[in-house]
Amino acid sequence: MSILIYAEHDNKHLKSETHKLVTAATQLGDDIHILVAGLDCAAVAEQAATIAGVKRVMLADNPAYAHQLAENTADLVLDIAEGYTHILAAATTTGKNFMPRVAALLDVVQLSDIIGIESQDTFVRPIYAGNAIATVQSSDAVKVVTVRASAFDAAQEGDSVSVETLATVIENTQVTFESDEMTKSDRPELTAADIVISGGRGMQDGEHFAMLERIADQLGAAVGASRAAVDAGFVPNDMQVGQTGKIVAPQLYIAVGISGAIQHLAGMKDSKVIVAINKDPEAPIFQVADYGLVADLFDALPEIESALGS
Amino acid sequence: MKILVPVKRVIDYNVKVRVKADQSDVDLTNAKMAMNPFCEIAVEEAVRLKEKGIATEIVAVSIGPKACQEQIRNAMALGADRGIHVECETFPESLQVAKILARLVEQESPGLVIIGKQAIDSDNNQTGQMLAALTKMPQATFASAVEVEGDSLKVTREIDGGLQTLKLSMPAVVSTDLRLNEPRYAKLPDIMKAKRKPLAVMSTDELGVDITPRVTTLKVTPPPARSAGVKVETVAELMAKLREEAKVIS
Ligand SMILES: Cc1cc2nc3c(=O)[nH]c(=O)nc-3n(C[C@H](O)[C@H](O)[C@H](O)COP(=O)(O)OP(=O)(O)OC[C@H]3O[C@@H](n4cnc5c(N)ncnc54)[C@H](O)[C@@H]3O)c2cc1C
Ligand SMILES: Cc1cc2nc3c(=O)[nH]c(=O)nc-3n(C[C@H](O)[C@H](O)[C@H](O)COP(=O)(O)OP(=O)(O)OC[C@H]3O[C@@H](n4cnc5c(N)ncnc54)[C@H](O)[C@@H]3O)c2cc1C
């Protein structure tokens, strides 16, 4: 078994998803290779090279890959795909964007967002917003798989392997990058944080999210949101937790002014401990909460802040 | 310009599914079915482009059992001009759906395919990307804004770190995210009119696409149950529980 992992990174830092994918890959075999594609990302490749269990790291460092656009990223993976039995990427917006193209061009199915590995060809994945868990077996020669990183532990650091540079450059002739608007935050990333505190429609407006942010800073937490809060423009889209947003599984998830719709639960119900703060005692979020506080959030949040301060 | 919009028949998003006792699949008996919410957003976007005079014709496609015609009629009530139903007993796998759509793209030569980013039943999020790869059209997934500028397309995408704007040559494939638009409701007269709009029925054989499954579902189980915990009365009690019982904060 030979496994290729597509590294998740932002050209500067390797993301923890990659370490988690290595753990997933070790359940498939021990010939694990990582591809790092981007621009000025040699440091990322060096970080990948020190993950325990990794045998080989390939670096494609070129302006053509600066934004990891789907078309030529998929073609780059296809260019080196021969010989691999499994190709893995994280089920992030990068992985979800290019991996189905790799599958289609290899004429194989993609196994999406897997949370478990039963054998070389059998995988476990949630369907219907996580209300059912399917065990599926693929008969294709190559398994193209996107992985829900939060379902796997991060691999440890180990001895460093050398980094090989790939010479082929594949340009994207159909799509050009215009601009991006990245949310800047000093807080941990939602999908990597040990503690997440999320606000919903009950927060009433974007300014009130400052109450969550202050608590987040006291706890070293990330701040998330429900779809309703994002749709209402309180906070940016990248904070949405749920079936169609980010999937998180922190040690502690605090839902504030969130009702607990199935689509929201799909994104957080694998958290270790769930706290819900809601003024409606009947809110469905209480059905999954380990600790529920029926209270007005505008009273409870300042109290939490001062309790943490003392 | 013609726009092709695939619409999938799925369980209504408000319904919580249950797993069959024999673990063979989920139980959809008598479940309320509807158009996949992301496909509704796709239809809406196509209709808006037509209202702006950019699109001239909207073709809605659904693949699956006969009942999928309900979702095609629904799309036509919302503004699609005609429908294509590719009839098969079950829902084909994503790659097969993409191959069927690729054949229709060959036949119809649309300037744009607007597709849902994800079907809320299988949660795969892959069909549009596969279609783009098979037809060599450029793709812009998870779109929250779409602007046609002559023969190119400017699309803003929702990505993990924020927003990204791309410029694509056309024809192209765009997949919809939640904030692209807010779909309208169909009006009664339009629902009546939709009944008379043309709907062609085809088979997968006619299109030459093999739909033999390549993925076998071994079992479908309920997720590990999470039971409700305790209610705490005060913030002080909550903090004490988190510190001393759950030990998740210090
Ligand atoms: C296709 C599709 C995909 C979706 N994907 C997602 C997704 O990924 N993530 C997601 O979150 N949703 C998603 N949704 C939306 C989901 O169905 C719900 O509409 C949404 O989660 C509701 O957000 P909310 O809980 O913040 O708002 P509401 O349901 O309006 O709940 C607000 C809660 O705040 C409480 N509240 C109000 N004021 C106070 C106060 N002062 N103090 C304490 N509590 C207060 C209320 O009691 C209420 O329970 C999706 C929907 C569809 C159709
Ligand atoms: C338990 C179980 C597990 C499965 N696991 C896998 C798996 O791992 N890999 C796999 O490839 N298949 C799998 N399948 C089959 C697959 O989920 C469905 O057959 C599905 O219909 C294929 O498309 P999608 O909904 O996944 O597409 P997505 O990529 O999630 O949907 C995106 C968009 O594609 C369009 N679309 C998709 N299907 C249709 C359609 N029939 N008609 C019109 N438009 C459509 C819609 O616009 C939709 O919004 C599984 C099925 C079951 C029952």
Side-chain angles (χ1 to χ4, degrees), chain A residues 70-71 74 92-93 96-97 100-101 103-105 109-110 112-113 122 126-140 174-183 219 227 231 236-238 243-244 246 251-252 262 269 273 275 286-294 300 303-304 307, chain B residues 11 13 16-17 19 26 93-95 98 117-118 120-126 129-130 132-134 138-142 144 154 158-169 178-179 214-223 226 228-232 235-236 238-239 241-242 246 248-249:
Chain A
E71 292 78 6
T92 56
T93 51
K96 286 175 184 167
N97 194 32
R101 299 180 64 96
L105 295 172
V109 301
Q110 173 175 282
S112 297
D113 209 13
T122 304
I127 51 177
Y128 292 89
N131 288 309
I133 307 292
T135 304
V136 294
Q137 185 175 34
S138 156
S139 59
D140 285 321
Q174 295 174 298
V175 179
T176 46
F177 169 84
E178 292 258 298
S179 61
D180 60 19
E181 217 179 288
M182 303 307 259
T183 310
L219 291 171
R227 174 188 172 186
D231 282 4
N237 64 282
D238 54 286
Q243 180 186 16
T244 56
K246 288 186 182 149
Q251 293 295 309
L252 172 62
I262 47 178
K269 71 179 162 59
V273 174
V275 170
F286 287 122
Q287 291 165 20
V288 299
D290 299 285
Y291 303 108
L293 178 65
V294 180
E303 276 186 58
I304 294 176
Chain B
I11 191 165
Y13 80 95
K16 190 171 165 187
V17 293
V19 168
V26 296
E93 289 166 1
S94 311
L95 180 60
K117 82 162 177 181
Q118 148 182 9
I120 60 159
D121 51 0
S122 48
D123 284 335
N124 272 321
N125 194 333
Q126 59 192 29
Q129 296 86 314
M130 288 177 162
L134 294 175
Q139 73 181 49
T141 50
F142 329 140
S144 64
K154 208 164 111 181
E158 294 199 353
I159 58 171
D160 286 340
L163 296 169
Q164 178 186 64
T165 304
L166 300 179
K167 197 166 182 167
L168 287 76
S169 58
L178 294 169
R179 282 158 287 271
R214 299 210 213 151
V215 179
T216 318
T217 302
L218 302 180
K219 64 174 180 195
V220 176
T221 54
R226 208 177 165 116
V230 295
K231 288 257 170 67
V232 292
V235 165
L238 174 65
M239 301 310 281
K241 292 272 192 204
L242 293 180
V248 281
I249 61 173

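Protein chains get the first letters and strands the later ones, always in sequence-line order, with residue 1 at the start of each. These numbers come from a predicted model, not from an experiment.
Only the side chain of E93(B) comes within less than 4.5 Å of a heavy atom in chain A; its backbone stays farther off. In this structure, chain A has heavy atoms under 4.5 Å from both the backbone and the side chain of V248(B). If you measure heavy-atom distances from I249(B) to chain A, the contacts under 4.5 Å come from the side chain alone. For chain A, no part of A98(B) is nearby; none of its heavy atoms comes within less than 4.5 Å. With a threshold of 4.5 angstrom between heavy atoms, P223(B) approaches chain A through its backbone and through its side chain. Heavy atoms closer than 4.5 Å to chain A are found nowhere in S94(B), neither backbone nor side chain. Looking at D113(A), neither its backbone nor its side chain comes within 4.5 Å of chain B, counting heavy atoms on both sides. Within the 4.5 angstrom heavy-atom criterion, atoms from both the backbone and the side chain of V232(B) approach chain A. Only the backbone of A289(A) comes within contact range of chain B, with at least one heavy atom under 4.5 Å from a heavy atom of that chain. Proximity to chain B (any heavy atom under 4.5 Å) is restricted, for L219(A), to the side chain, taken from C-beta onward. With a 4.5 Å cut-off on non-hydrogen atoms, L238(B) touches chain A through its side chain but not through its backbone.
The candidate from V273(A), I133(A), V136(A) with the greatest count of non-hydrogen atom pairs under 4.5 Å with chain B is I133(A). Between chain B and the options L293(A), V275(A), V109(A), the largest number of non-hydrogen pairs under 4.5 Å is found for L293(A). Counting heavy-atom pairs closer than 4.5 Å to chain A, the top-ranked of the candidates K117(B), M130(B), M239(B) is M130(B). Chain A forms the most heavy-atom pairs under 4.5 Å with one residue out of Q126(B), R226(B), K241(B), K231(B), and that residue is R226(B). When each of A246(B), S169(B), G161(B), A228(B) is scored by its heavy-atom pairs under 4.5 Å with chain A, the top score falls to G161(B). Among D123(B), V19(B), V220(B), the residue making the largest number of heavy-atom pairs under 4.5 Å with chain A is D123(B). No other option in S122(B), A132(B), A133(B) has as many heavy-atom pairs under 4.5 Å with chain A as A133(B). Note: V17(B) leads I11(B), V17(B), N125(B) in heavy-atom pairs under 4.5 Å with chain A.
The line from CD of Q243(A) to CD of Q118(B) is 5.5 Å long, rounded to the nearest 0.5 Å. Interatomic distance, L218(B) CG to T122(A) OG1, rounded to the nearest 0.5 Å: 5.5 Å. Rounding to the nearest 0.5 angstrom, the gap separating the CG atom in L242(B) from the CD1 atom in I304(A) is 8.5 Å. Distance CG/D140(A) to CG/L95(B): 8.0 Å, rounded to 0.5 Å. Distance check: T183(A) OG1 to I159(B) CD1 gives 9.0 Å after rounding to the nearest 0.5 Å. Atom OG1 of residue T176(A) and atom NZ of residue K154(B) lie 10.5 Å apart, to the nearest 0.5 angstrom.
Distance alone, capped at 3.5 Å, places no donor-acceptor pair between the D290(A) side chain and the G229(B) backbone. Within the 3.5 Å criterion, the main-chain N or O of R214(B) finds a donor-acceptor partner in the side chain of S139(A). With T93(A) contributing its side chain and D160(B) its backbone, the two residues share a donor-acceptor pair below 3.5 Å. At least one donor-acceptor pair closer than 3.5 Å links the side chain of Q129(B) to the backbone N or O of K96(A). The backbone N or O of Q139(B) lies less than 3.5 Å from a partner atom in the side chain of E71(A), making a donor-acceptor pair.
By the 6.0 Å contact criterion, CD on E181(A) is open, its count of non-hydrogen atoms from other residues, nucleotides or ligands being 12 or less.
Residues N124(B) and Q110(A) bring no donor and acceptor atom of their side chains to less than 3.5 Å of each other.
Of the residues listed (D238(A), N237(A), D180(A)), the one engaging L163(B) in a side-chain contact (heavy atoms from CB on, under 4.5 Å) is N237(A), and it is the only one.
Remark: T92(A) pairs with E8(A) by the side-chain hydrogen bond (donor to acceptor under 3.5 Å, both in side chains) rule, at least two apart or across chains. Residues forming a side-chain hydrogen bond (donor to acceptor under 3.5 Å, both in side chains) with Q164(B) (at least two apart in sequence, or on another chain): R157(B).
Between Y291(A) and V230(B) the shortest side-chain heavy-atom distance falls below 4.5 Å.
Heavy atoms only, all atoms of each residue included: F177(A) and L166(B) are closest at CA-CD2, 3.9 Å.
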